[in-house]
Amino acid sequence: MIKKVLLIGACVGLLAVVLFGRYSASYVSNSYDRVTESVRSTVPTEFQIDRARRMVNNMEPQIRRCMHEIAKEEVEVKRLIEVIEKADVKDSKDKSDLMRLQADLSTGKSHFRYAGHPYTAGEVKQDLGRGFERFKTAEATLESYRDMREARERNLEAARQKLEAMVAA
């Protein structure tokens, strides 16, 4: 059966090339366009309106999902902004504390007093080392939060564009 269809198609193509020459592709495509246009023009307007309504109704759940995704991303971006702001404040405080310890050590004293407790220079150096490691970790965490926020903002923008395209359709 398939062989017959292919054979008939090849024969029709060969006949078209023989009759119309190198313009046969143009004639075939033009004929196809005219046939499809005549079929479209015979479809009643009410049918096309019903079809359009059905398409809009079919898009409604997708639009709602997209709106839900946008709302979720907006909440997540806002949460990340708050986390970043808090981490920035803590980072600044930790940095100033480390700078104060570094400045105290540079005075050359052997004993220090913080919050009413005595500390030796060795203890302060150890505390400074641990604090600096925590500071580096906090800086890396803060940078990853910023990267996550940027990614979320890109996702949010993409979702908004998708929604606009759906509404426009």
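Here, residue 1 is the first one in the sequence, and each next residue gets the next number. Just so it is clear, the values below take in all heavy atoms, side chains as well, and ignore hydrogens, waters and symmetry mates. Since the structure is predicted, the reported quantities are computational estimates derived from the model, not experimental observations.
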Discussion item. Within this structure, what is the CD1-CZ distance for the pair Ile63 and Arg65, rounded to the nearest 0.5 Å?
Written reply: 10.5 Å
Practice prompt. Answer yes or no: are there more than 12 heavy-atom neighbours, outside Arg51 itself, under 6.0 Å from its atom CZ?
Written response: no
Practice prompt. Ignoring hydrogens and angles, state whether a donor on the side chain of Asp127 or Tyr119 is under 3.5 Å from an acceptor on the partner side chain.
Written response: no
Worksheet item: Which atom names give the shortest non-hydrogen contact between Asp91 and Ala138, and what distance separates them?
Response: OD1-CB, 4.3 Å
Worksheet item: What do you reckon, is CE of Met67 surrounded by more than 12 foreign heavy atoms closer than 6.0 Å?
Response: no
Practice prompt. Tell me, yes or no, whether the heavy-atom count around Tyr145 atom OH, taken from other residues, nucleotides or ligands under 6.0 Å, exceeds 12.
Written response: no
Item to complete: Could you tell me the separation between the CG atom of Leu98 and the NZ atom of Lys93, rounded to the nearest 0.5 Å?
Response: 10.0 Å
Practice prompt. Drop me the distance from Ile70's CD1 to Glu73's CD, to the nearest 0.5 angstrom.
Written response: 9.5 Å
Response to the item:
One should read off an interatomic distance between Lys95 NZ and Met99 CE, to the nearest 0.5 angstrom, of 7.0 Å
Worksheet item: What distance do Asp147 atom CG and Leu80 atom CG have between them, rounded to the nearest 0.5 Å?
Response: 11.0 Å
Worksheet item: Please walk me through it: do Glu123 and Tyr114 pass side-chain contact (heavy atoms from CB on, under 4.5 Å)?
Response: CA-CA 12 Å; Glu123 292 172 328; Tyr114 299 110; over 6 Å; no
Worksheet, complete the sentence: Heavy-atom nearest pair, Val77 first then Arg152, reads CG2-CB, 3.6 Å
